[in-house]
Student: 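Have a look at this one.
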Number of protein chains: 4
Amino acid sequence: MSEEKNIFKQLFDEEESLTEKQQKIVEAAIEMFAEKGYASTSTSQIAKKAGVAEGTIFRHYKTKKDLLLSIVSPTMAKLIAPFVIRDLNKVLDAKYDRYEDFLKAMILNRQEFLKENMTAFKILIQEIPFHPELKEQFREHIAEKVFEKFVRLVDHYKEKGQIIDLPSPAVVRFSATSIFGLLIVRYLFLPEADWNDEKEIEMTVQMIVNGIGKG
Amino acid sequence: MSEEKNIFKQLFDEEESLTEKQQKIVEAAIEMFAEKGYASTSTSQIAKKAGVAEGTIFRHYKTKKDLLLSIVSPTMAKLIAPFVIRDLNKVLDAKYDRYEDFLKAMILNRQEFLKENMTAFKILIQEIPFHPELKEQFREHIAEKVFEKFVRLVDHYKEKGQIIDLPSPAVVRFSATSIFGLLIVRYLFLPEADWNDEKEIEMTVQMIVNGIGKG
Amino acid sequence: MSEEKNIFKQLFDEEESLTEKQQKIVEAAIEMFAEKGYASTSTSQIAKKAGVAEGTIFRHYKTKKDLLLSIVSPTMAKLIAPFVIRDLNKVLDAKYDRYEDFLKAMILNRQEFLKENMTAFKILIQEIPFHPELKEQFREHIAEKVFEKFVRLVDHYKEKGQIIDLPSPAVVRFSATSIFGLLIVRYLFLPEADWNDEKEIEMTVQMIVNGIGKG
Amino acid sequence: MSEEKNIFKQLFDEEESLTEKQQKIVEAAIEMFAEKGYASTSTSQIAKKAGVAEGTIFRHYKTKKDLLLSIVSPTMAKLIAPFVIRDLNKVLDAKYDRYEDFLKAMILNRQEFLKENMTAFKILIQEIPFHPELKEQFREHIAEKVFEKFVRLVDHYKEKGQIIDLPSPAVVRFSATSIFGLLIVRYLFLPEADWNDEKEIEMTVQMIVNGIGKG
DNA sequence: AATGAATGAGTGTTCATTCAT
DNA sequence: GATGAATGAACACTCATTCAT
């Protein structure tokens with residue numbers, strides 16, 4: 001619980017009190033980390049791109065890694081925020097009768113977020129493998145909390161008779177990789193292709209729910 | 001075409017003529033690149049782990065990047081090898097009546113490969129974003145050739161009446177992300193979990209083909 | 001002469017007009033300079049320890065070295081103060097018939113001073129070798145004026161027949177190093193040992209006087 | 001015991017296997033450390049003065065501090081070497097009937113050593129206060145072993161009736177500070193003055209012995 | 001008077017690469 | 001073929017000092 005609070009406190013602290021220079025540093029860092037990777041981006045390059053002195057970076061962020069985490073931790077927190085609200089099931093009951101509707105709503109919602117945080121998200125998934133702290137945050141928040149919530153959610157729709165009798169973890173994995181597959185292809189692999197987003201989502205949800213086989 | 005030749009030539013060159021020291025260098029490099037990333041692994045660390053002098057690395061590989069490519073390019077080539085054989089369709093006709101069977105066979109086959117080349121594969125997907133040459137190789141070989149072949153393959157099964165009438169690229173994307181989703185979760189996220197591989201594949205193919213909806 | 005005035009002016013300036021913050025800065029600086037040395041102590045560390053902003057230090061002391069000198073120069077001045085009074089010989093005639101008595105009185109007096117200014121004294125002797133200004137002050141005030149005065153003083157007691165016929169400079173050096181040897185061992189090397197100060201002084205004076213005394 | 005071995009192993013290892021560049025680095029470092037102090041000497045300055053690349057320093061010495069210790073530890077070891085030979089007392093019995101003779105011999109011997117290692121010795125005493133490892137070495141080797149040996153030695157001459165009945169530690173301290181007082185004044189304070197070394201030693205020994213001698 | 005953000009030169013150290021042996 | 005000493009540019013980070021508030 002305190003962990004959760006922490007991650008969200010970081011989130012808001014940062015959002016508000018960023019000085020102008022700090023803002024520029026973060027922007028430059030995001031751009032460069034995404035393009036060349038954290039390890040291959042030097043603080044002097046960030047400083048130059050941000051138009052500040054190199055020392056200024058270290059006045060705001062104790063280390064280069066601090067700067068990375070200040071970008072990537074809040075992104076992870078915001079990414080999973082919709083799933084850690086306390087009464088998710090109530091929302092679902094009230095608003096989404098069908099798993100299909102829930103999926104569609106969720107994809108749209110997260111797509112909106114990713115569209116605006118694509119670069120930070122890219123950094124997040126690129127750097128997770130190299131930083132134990134990130135791995136740990138990922139494990140704790142996503143692999144455990146969100147996954148578990150999602151499993152219960154699938155159970156919920158199973159009880160309603162909407163989902164076939166396969167193990168819920170497998171269903172969750174299948175749903176999740178299909179969704180993230182779409183979003184990653186859409187925003188990371190081929191971001192400049194001409195997409196009809198709504199239709200792609202529609203089709204993806206349809207394939208998840210109905211599969212691609214005939215009759 | 002010459003690119004393609006290149007990639008395969010490298011593949012076989014390497015396999016055969018590796019001296020003992022070279023073998024040790026490559027092994028050490030694979031282990032460290034996977035763990036800490038290319039940029040964060042120093043040639044001196046590789047040399048130490050391989051038990052050779054630092055200069056020896058540069059006798060065999062002109063640059064550090066050469067060493068990376070000697071690991072990663074053949075891996076990409078081998079990974080997609082089954083899809084670039086000239087008469088894939090004939091094979092399919094002869095052996096796999098149903099898309100389902102093809103999928104199952106393919107997943108099993110690639111799983112076998114990944115199991116033995118997991119570390120190199122990990123490096124491959126981790127480093128692609130940071131190296132234009134790799135991006136280009138990926139684009140040319142996978143995003144174009146393999147994807148295209150896959151699309152024709154889906155068309156093939158569509159004509160047989162086995163696949164619903166959605167745009168083939170969407171179907172391919174869906175199939176591919178579901179499969180890679182499984183393999184990545186299985187081998188990269190949770191490699192030490194207790195998996196019943198055969199059953200997972202079974203279920204995944206079933207979900208791709210039938211979806212998760214009821215009735 | 002103007003130098004001398006300077007050194008004493010500083011001495012009193014400081015004593016009186018120190019603001020509260022300034023006091024804290026000086027205290028923090030003394031503590032840290034003694035422990036880690038001038039060069040290895042950063043102004044930011046001093047500021048933090050003093051509980052003031054870094055800029056505040058530079059409002060009171062133009063440079064970091066100014067801060068050092070404001071600590072060390074007055075200490076040197078006070079240390080040698082008893083020797084630069086104009087009519088030392090009269091005092092001696094009036095009060096100390098024997099060299100022995102003079103030595104004992106002097107050691108006791110300087111010991112009192114060192115006990116209370118040990119840390120600043122430590123800084124003084126540690127930093128003298130690295131700062132030309134301090135070397136110069138030392139040379140001018142101690143190596144010349146005080147030494148010369150001491151030589152005349154030994155001559156004085158020689159005339160009284162109390163000191164053997166060795167060159168006065170050698171006698172002075174011997175007396176001085178014996179005394180400072182005691183004080184340095186006592187206060188810098190083994191400050192927390194259990195000392196019987198009076199007895200140590202007694203013995204040291206006895207050894208010096210036996211050494212150079214006449215029958 | 002193993003400590004002792006260590007310190008002497010360093011001593012000889014180093015003496016022999018120094019490459020030409022390493023020799024130059026050490027020479028440059030000694031010169032600069034003595035002049036400006038360890039903390040105020042930068043590795044780039046050392047490199048420049050030694051005529052090598054900065055990286056070369058770190059090929060031979062893992063850190064800047066390693067370089068310091070490689071200079072200063074052997075110096076301390078050699079300085080105290082004559083006192084840690086196993087059968088010091090036998091030597092004394094055989095060669096020096098009188099404390100006076102022993103003192104004279106020892107001063108001459110150590111003076112010879114200091115003359116040739118003055119700069120390293122200067123660094124040693126300047127840096128001891130700032131480096132816990134050096135403090136510890138000093139405490140262990142000098143403050144304990146050598147001091148203790150010296151005390152027994154004074155006891156030895158006391159039994160022979162040559163030294164007055166004052167506590168041996170005080171006698172040792174007095175002798176030692178008088179001797180080091182001479183050597184420090186001679187070699188550090190006023191190295192370029194015109195000294196009659198033999199006569200100074202003669203006088204100092206005389207004053208010490210008169211001071212603590214019997215009859 | 002006091003602050004603390006900003007600076008840019010400088011720090012110790014690591015790097016990929018070269019080359020004489 | 002293999003070595004490892006040597007390089008100098010680059011690295012993350014710290015420094016004393018300035019100045020607008």
Student: Please classify the nucleic acid contact of T41(A) as base, sugar-phosphate, or nothing, using heavy-atom distances under 4.0 Å.
Tutor: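 Sugar-phosphate contact only.
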Student: Provide the Watson-Crick or G-U wobble partner of dA20(E), both distances under 3.5 Å; none if there is no partner.
Tutor: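 Check on dA20(E): paired to dT3(F), both distances under 3.5 Å.
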Student: In whole angstrom, give the distance that lies between atom CG of D66(A) and atom C1' of dC13(F).
Tutor: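 Spelled out: CG on D66(A) to C1' on dC13(F) is 13 Å.
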Student: Using a 4.5 Å cut-off on heavy atoms from C-beta on, say whether the side chain of E31(C) contacts that of T119(C).
Tutor: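 SC-SC contact between T119(C) and E31(C) ruled out.
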Student: In whole angstrom, what separates M32(A)'s CE from dA12(F)'s P?
Tutor: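 Distance, rounded to whole Å: 11 Å.
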Student: Let me confirm one number: the OG-CD distance from S42(D) to E54(D), rounded to the nearest 0.5 Å.
Tutor: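 Nearest 0.5 Å value for the OG-CD distance: 7.0 Å.
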Student: Flag yes if more than 12 heavy atoms outside E136(A) fall under 6.0 Å of its CD atom; otherwise flag no.
Tutor: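 Atom CD in E136(A) is packed in, count exceeds 12.
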Student: For DNA chain E, which nucleotides open and close the run of contacts to chain A, 5' to 3', at under 4.0 angstrom from a non-hydrogen atom?
Tutor: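 From 5' to 3', the first and last contacting nucleotides are dA5(E) to dG8(E).
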Student: Step through the shown structure and confirm whether more than 12 heavy atoms of other residues, nucleotides or ligands are within 6.0 Å of CD on E133(B).
Tutor: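 Yes.
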Student: Would the number of heavy atoms belonging to other residues, nucleotides or ligands and lying under 6.0 Å from NZ of K24(A) be above 12?
Tutor: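 No, not enclosed.
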Student: Please determine, by modelled atom types, if E127(D) and H131(D) share a side-chain donor-acceptor pair under 3.5 angstrom.
Tutor: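 Checked: E127(D)/H131(D) side chains pair up, N/O donor to acceptor below 3.5 Å.
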Student: Nearest whole Å is fine: how far is dC13(F) C1' from Q45(C) CD?
Tutor: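 Whole-Å distance recorded here is 14 Å.
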Student: On DNA chain E, check which nucleotide each of S44(D) and K64(B) is closest to and give me the residue with the more 5' one.
Tutor: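 On the 5' side of the pair lies S44(D).
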Student: Quick check on DNA chain F: between E20(D) and S42(C), whose nearest nucleotide comes earlier from the 5' end?
Tutor: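 Result of the comparison: E20(D).
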Student: Sort me out a list of protein N/O and nucleotides 7-9 of chain F N/O pairs below 3.5 Å, or just none if empty.
Tutor:
from	atom 1	to	atom 2	distance (Å)
dT7(F)	OP1	K21(D)	NZ	3.1
dT7(F)	OP2	A53(D)	N	3.2
dT7(F)	OP2	T56(D)	OG1	2.5

Student: Without decimals, in angstroms, what is the distance between F58(C) CZ and dC15(F) P?
Tutor: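 Rounded to whole Å, this separation is 12 Å.
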Student: Within a 6.0 Å radius of atom NZ on K48(C), are there more than 12 heavy atoms belonging to other residues, nucleotides or ligands?
Tutor: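 Count not over threshold, so no.
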Student: How about S70(B) and Y61(B): do any of their side-chain heavy atoms sit closer than 4.5 Å?
Tutor: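 Touching, per the 4.5 Å side-chain cut-off.
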Student: Just the rounded figure in Å: distance from C1' of dT3(F) to CD1 of I25(B).
Tutor: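 Distance, rounded to whole Å: 12 Å.
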Student: Pick the nucleotide of DNA chain E nearest each of K65(D) and H60(A); which residue has the one closer to the 5' end?
Tutor: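 Closest to the 5' end, via its nearest nucleotide, is H60(A).
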Student: Report yes or no: is the cationic atom of K64(A) (NZ for Lys, CZ for Arg) closer than 6.0 Å to the six-membered ring centre of Y38(A), at no more than 45° off its axis?
Tutor: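 That pair qualifies as a cation-pi contact.
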